[in-house]
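A short worksheet on the structure shown next.
Positions are given from 1 along the sequence.
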Amino acid sequence: MTIAGSPSSFEPVILQSTREFKGSALSKRGSKVENFEEMLRQYRPMIFHMIRKLRIYKNIDEFEQIGMIALWEAYQNRQDDKGSFTSYAYNTIRGKMLSELTKRRREEDMFAFPKEGFWNVEVDESLRPPLELETLLSYCEGLTEKEKKWVVAAFYEQLKQGEIAFREGKSVEAVKKWRRQALEKIRKSMEQKERKR
């Protein structure tokens with residue numbers, strides 16, 4: 001027996017073994033494969049109905065394949081005493097297609113690219129302090145330390161009166177007094193500068 005023989009002497013052995021395999025598979029299962037092919041012809045419109053009902057417009061061939069696999073699984077797992085095979089097949093096909101749609105939606109969401117506007121960086125002006133500290137301190141000439149603390153906390157750090165009072169360990173009324181006195185002194189100072197010009 002030589003393997004290095006001509007290809008024609010080797011081919012019949014393959015064909016013969018393939019025929020034997022098909023014959024033995026059919027004899028083991030009976031005519032189950034033939035019955036499924038007949039069932040597939042009968043239930044294929046149901047697969048396409050489900051594709052239309054679920055509004056699937058992409059990858060229709062893949063969903064047809066998923067529907068056929070679901071029909072095969074329903075055919076393999078059917079229990080005649082549990083009810084109608086048609087409703088079982090319908091629910092199995094629908095379930096498999098919905099599972100696949102959900103899986104694909106998750107994948108799309110994971111790999112979604114942001115829109116072009118996402119990459120444009122815009123600076124939020126409200127996050128910047130309205131006045132620079134040095135400029136702010138130039139207005140604080142003639143103020144007490146408490147009044148300066150209020151000016152810096154209110155205008156530079158943008159804290160509310162209650163927050164300033166909590167941080168300094170004083171009452172809100174005391175902070176309001178600092179505010180009133182500081183604003184009064186700053187107004188007088190600015191009026192004097194305006195008169196000198």
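- Both Ile66 and Ile60 belong to a single network of hydrophobic side chains, linked directly or stepwise wherever heavy atoms of I, L, V, M, F, W or Y lie under 4.5 Å apart.
- Here Lys96 contributes atom NZ and Gln65 contributes atom CD; the two are 13.0 Å apart, rounded to the nearest 0.5 Å.
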Under 3.5 Å donor-acceptor pairs involving side-chain atoms of residues 173-192, not counting sequence neighbours:
{"from": "Lys185", "atom 1": "NZ", "to": "Glu147", "atom 2": "OE1", "distance (Å)": "3.1"}
{"from": "Lys185", "atom 1": "NZ", "to": "Glu147", "atom 2": "OE2", "distance (Å)": "3.4"}

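- Both Leu40 and Phe48 sit in one connected hydrophobic cluster of ILVMFWY residues. Membership requires side-chain heavy atoms under 4.5 Å apart, directly or through other members.
- Salt-bridge check for Arg41 with Glu38: failed, with every basic side-chain N at 4.0 Å or more from each acidic carboxylate O.
- Summarising the geometry of Gly67 relative to Ile93, their closest heavy-atom pair is O-CG1, 3.8 Å, with the distance given to 0.1 Å.
- Met39 places a side-chain heavy atom less than 4.5 Å from the side chain of Arg78.
- Crowding of Glu134 atom CD: a count of heavy atoms from other residues, nucleotides or ligands under 6.0 Å not exceeding 12.
- Listed here is the closest heavy atom pair of Met68 and Phe36: O-CZ, 4.0 Å.
- Side-chain contact between Lys193 and Lys196 is absent, with no heavy-atom pair separated by less than 4.5 Å.
- The CD atom of Gln42 lies 7.0 Å from the OG1 atom of Thr86; values are rounded to the nearest 0.5 Å.
- With rounding to the nearest 0.5 angstrom, the NZ atom of Lys148 is 11.0 Å from the CG atom of Leu136.
- For the pair Phe63 and Ile47, the tightest heavy-atom approach, listed with the atom from each and the gap, is O-CG2, 4.5 Å.
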Note to self: Determine whether Arg167 and Glu163 satisfy the following criterion, salt bridge (Lys or Arg N to Asp or Glu O under 4.0 Å), listing intermediate values before the conclusion.
What the structure shows: CA-CA 6 Å; Arg167 185 173 76 179; Glu163 295 169 330; over 6 Å; no
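- The two residues Ala74 and Ala89 have their closest heavy-atom pair at CB-CA, 4.0 Å.
- Both Tyr88 and Leu98 are members of a single hydrophobic cluster when ILVMFWY side chains are connected at heavy-atom separations under 4.5 Å.
- By the rule that hydrophobic residues join a cluster once side-chain heavy atoms approach within less than 4.5 Å of another member, Leu54 and Met46 end up as members of one cluster.
- In this structure the side chain of Glu107 never reaches within 4.5 angstrom of the side chain of Met110, judged on heavy atoms.
- Among residues two or more places apart in sequence or in another chain, the ring-ring contact (aromatic ring centres under 6.0 Å, His included) test is passed with Tyr43 by Phe85.
- Taking CZ of Arg105 as the start and CG of Leu101 as the end, the distance is 9.0 Å to the nearest 0.5 Å.
- Taking hydrophobic clusters as Ile, Leu, Val, Met, Phe, Trp and Tyr residues chained together by side-chain heavy-atom distances below 4.5 Å, Tyr90 shares a cluster with Trp72.
- Among all heavy-atom pairs drawn from Thr135 and Tyr139, the shortest one is O-CD1, 3.2 Å.
- Atoms CE and OG1, from Met97 and Thr92 in turn, are 11.5 Å apart once rounded to the nearest 0.5 Å.
- Pairing each heavy atom of Val151 with each of Cys140, the nearest pair is CG1-SG, 3.6 Å.
- Using a cut-off of 4.0 Å between Lys/Arg side-chain N and Asp/Glu carboxylate O, Glu100 and Arg104 are scored as salt-bridged.
- Atoms NZ and CG, on Lys82 and Asn77 in that order, are 12.5 Å from each other to the nearest 0.5 Å.
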Next item on the list: Could you walk me through whether Trp150 and Leu143 pass side-chain contact (heavy atoms from CB on, under 4.5 Å), step by step?
Entry: CA-CA 10 Å; Trp150 177 82; Leu143 298 180; over 6 Å; no
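- The 12-atom threshold is not exceeded at CD of Glu145, counting heavy atoms of other residues, nucleotides or ligands nearer than 6.0 Å.
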